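Down below is the structure, laid out as structure tokens.
All heavy atoms count here, side chains included; hydrogens, waters and symmetry mates do not. First listed ligand is number 1; within each ligand, the first listed atom is number 1. Computed from a predicted structure; not experimentally measured.
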Amino acid sequence: MAVLIVAGLDTGGGAGLKADIETVSALGEHPLPVLTSVTYQNPSEVRGYHTLPPEVVREQIRAVRGSFKIGAVKIGMLGSREIAEAVKQETEGLTRVLDPVMESSTGAKLVDSVESVKVLILGSIVTPNVPEAEALSGLKIRSIEEMKEAAKVIAEELGAEAVVIKGGHLSYTDVLYWKGKLYEFPGERVEGFTHGTGCVFSSALAVFLAKGFELPETVERAKRFVEGSIRFSKAEARAVNPLWELERDAHRWRAKGELEEAVKELMELGEKLNPHVPEVGTNFALATPFSEVFAVKGRIVRYGGTIKPVGPVEFNASDHLRRALLKMREFYPEVRAVLNLRYSEELVEKAKKLGLVVSFYDRREEPEDVKRAEKGTMEWGIESAVKRVGKRPDLIYHLGDWGKEPMVLIFGRSAMEVVERVRALSSR
Ligand SMILES: Nc1ncnc2c1ncn2[C@@H]1O[C@H](COP(=O)(O)OP(=O)(O)O)[C@@H](O)[C@H]1O
Ligand SMILES: Cc1ncc(COP(=O)(O)OP(=O)(O)O)c(N)n1
């Protein structure tokens, strides 16, 4: 099934047509991109825009309308009244999702007037954010109740088929008004980059409608998709990541394979490693670029004179090492792997001789409030060891405390780098 996308180009690659194409593709449908305008923008500012002649927009739609089975159309930045009129005529009869783009989140205008957007409201599924809903309804919106009133006004007075008011500017709860009924879609703030959320939301809505879902289910699915695209956004883009699901799954698959290979290699060191395995066992953890962590279920234990993994490599199989690794990655995101061994002075001395950067934390220095808080020790320990040495540590040790075995953590930028370090440390 194809989804027609009528939108503007964001040169920063975060919102607009590029985000729409990625959303439609990631959700498994075929995007048909129609350009209305070129903006000059990055995630921090929109410097201006140029609208294409309406005839150019018209011809783009005509070129594809007859040759593809179009399940829905998503309409984003229109730019001008003339383009809005052309798009209205050329998309007649299609299921229309209208994101009434008026301003970017940075406050720059992306359409000549609110009236131009209104041209396309009749019969469309309209997805304003709170400021856009205020402009369309003439009402002030400060609460979910006021979102509901505005949605009703936009549907009943402007003739929208349905109205979804998005809550990204308020409480992250979205509201749908459809066929005389109101629906709420509760949400919570997700940490990450949010430039492009509105574009991804409306494109996802168009895709799920094209797939045949009913509107309330469609809104729920689109909302959860946007949440993922915020959670798995990336620093270099400073915008949402519509490819998150595909990338996350690919990274999970690769990380699992990488760790399985490294564990196999580690088993080759069996006899040499056996004396370094602590009473609680050794574990080996690897993080994906999205900071999801794999480890060995049940840990690696001493077995006769050698060592043995108790279970398979699994997602979230070690809380302890996961917390150590994620804390280290806050300082050094390139660090992806960690393994724990029993502390011994010889091991630490050998690490220093090998030129590894060694640091430590002293549990006796742990502040009382961290001690009282459940699960804060590891994070505090890694942070204090990182700060103590002032550069990326390869090995962090602690000397234990009441009921806590002294331990060594060996870090690396890949699982194999950790194995190589362990090989060097355990060689006689
Ligand atoms: N930080 C966030 N955490 C979770 N959901 C968010 C966040 N920001 C926006 N959303 C959701 O993203 C979608 C788009 O909303 P919004 O950001 O208000 O649109 P726009 O980009 O048009 O301003 C909505 O479903 C909204 O609830
Ligand atoms: C070309 C273009 N189209 C739309 C927008 C606005 O995108 P949106 O998803 O609403 O994201 P924010 O502007 O709220 O970050 C845009 N900026 N450029």
Check: Any idea how F232 and W244 line up, ring-wise: parallel (<30°), tilted (30 to 60°), or perpendicular (>60°)?
Finding: parallel
Note to self: Can you report which non-hydrogen protein atom sits closest to atom 2 (C) of ligand 1, along with the distance?
What the structure shows: Y172 CE2, 3.4 Å
Note to self: Less than 4.0 angstrom from a charged side-chain N to a carboxylate O is my criterion; do E85 and K88 meet it?
What the structure shows: no
Next item on the list: Inspect the contact between K148 and E184 and indicate whether a charged nitrogen and a carboxylate oxygen are less than 4.0 angstrom apart.
Entry: yes
Notebook entry, point to check: Can you say whether the rings of W178 and Y183 are parallel (under 30°), tilted (30 to 60°) or perpendicular (over 60°)?
Noted result: tilted
Next item on the list: Using distance alone, determine whether G8 and ligand 2 share an N or O pair under 3.5 Å.
Entry: no
Item checked: A15 and ligand 2 - part of the residue with a heavy-atom distance under 4.0 Å -> side chain
Item checked: salt_bridge(K166, D99) N-O dist < 4.0 Å -> yes
Notebook entry, point to check: Which atoms from ligand 1 have a heavy atom of D174 less than 4.0 Å away?
Noted result: 24 (C), 25 (O), 26 (C), 27 (O)
Notebook entry, point to check: Is a side-chain donor-acceptor pair under 3.5 Å present for Y177 with E156?
Noted result: yes
Notebook entry, point to check: Is any N or O atom of D99, backbone or side chain, closer than 3.5 Å to an N or O atom of ligand 2?
Noted result: no
Notebook entry, point to check: Got a salt bridge between E260 and K264, using NZ or NE/NH1/NH2 to carboxylate O under 4.0 Å?
Noted result: no
Notebook entry, point to check: Got an N/O contact under 3.5 Å between S105 and ligand 2?
Noted result: yes
Next item on the list: Would you mind checking which non-hydrogen protein atom is closest to atom 5 (C) of ligand 2, with the distance to 0.1 Å?
Entry: L110 CD1, 3.8 Å
Next item on the list: Identify, by atom number and element, the atoms of ligand 1 in contact range of E188, meaning under 4.0 Å from any of its heavy atoms.
Entry: 3 (N), 4 (C)
Notebook entry, point to check: Do any nitrogen or oxygen atoms of E132 lie less than 3.5 angstrom from nitrogen or oxygen atoms of ligand 1?
Noted result: no
Check: Backbone or side chain, does any N or O of T197 fall under 3.5 Å from an N or O of ligand 1?
Finding: yes
Item checked: Interfacing atoms of ligand 1 (cut-off 4.0 Å, heavy-atom, V190) -> 1 (N), 2 (C), 3 (N), 4 (C)
Checklist line | Salt-bridge present (K152, E149; N to O < 4.0 Å) | finding: no
Item checked: For atom 15 (O) of ligand 1, closest protein heavy-atom neighbour -> K166 CB, 3.4 Å
Checklist line | Option of least heavy-atom distance to atom 7 (O) of ligand 2 (set: G168, C199, S104) | finding: C199
Margin query: Counting only heavy atoms closer than 4.0 Å, does ligand 2 sit against the backbone of Q41, its side chain, both, or neither?
Written below: side chain
Note to self: Please list the nearest protein heavy atom to atom 12 (O) of ligand 1 with its residue and the distance rounded to 0.1 Å.
What the structure shows: V226 CG1, 3.3 Å
Next item on the list: Heavy-atom contacts with G198 under 4.0 Å: which atoms of ligand 1 show up? List them by number with element.
Entry: 19 (O), 20 (P), 21 (O), 22 (O)
Checklist line | Contact partition for D99 relative to ligand 1, non-hydrogen atoms under 4.0 Å | finding: neither
Checklist line | side-chain hydrogen bond (donor to acceptor under 3.5 Å, both in side chains) assessment of S414 paired with E258 | finding: CA-CA 8 Å; S414 67; E258 182 182 339; 4.6 Å; no
Note to self: I'd like to know if E191 contacts ligand 1, where contact means a heavy-atom distance under 4.0 Å to any ligand atom.
What the structure shows: no
Notebook entry, point to check: Can you tell me which residue and heavy atom of the protein come closest to atom 15 (O) of ligand 2, and the distance to 0.1 Å?
Noted result: H195 ND1, 2.7 Å
Notebook entry, point to check: Does K140 come within less than 4.0 Å of E146, counting only side-chain N to carboxylate O?
Noted result: no
Checklist line | Nearest neighbour in protein (non-hydrogen) for atom 18 (O) of ligand 1 | finding: G168 N, 3.0 Å
Margin query: At under 4.0 Å between heavy atoms, is it the side chain or the backbone of V200 that contacts ligand 2, or both, or neither?
Written below: neither
Notebook entry, point to check: Should the pair E214-K179 be classified as a salt bridge under the 4.0 Å nitrogen-to-oxygen rule?
Noted result: no
Notebook entry, point to check: Looking at E292 and R252, does any basic side-chain N land under 4.0 Å from a carboxylate oxygen?
Noted result: yes
Margin query: Run E330 and E379 through side-chain contact (heavy atoms from CB on, under 4.5 Å) and show every step you take.
Written below: CA-CA 10 Å; E330 285 179 23; E379 286 79 357; over 6 Å; no
Item checked: Interfacing atoms of ligand 1 (cut-off 4.0 Å, heavy-atom, F201) -> 25 (O)
Note to self: Tell me whether ligand 2 is touched by G196 - counting only heavy atoms on the residue side and a distance under 4.0 Å.
What the structure shows: yes
Next item on the list: Find out whether L78 and V119 are in side-chain contact, i.e. whether some heavy atom of one side chain is under 4.5 Å from a heavy atom of the other.
Entry: no
Next item on the list: Measure the distance from atom 3 (N) of ligand 2 to every protein heavy atom, then report the residue, atom name and distance (to 0.1 Å) of the closest one.
Entry: G16 CA, 3.7 Å
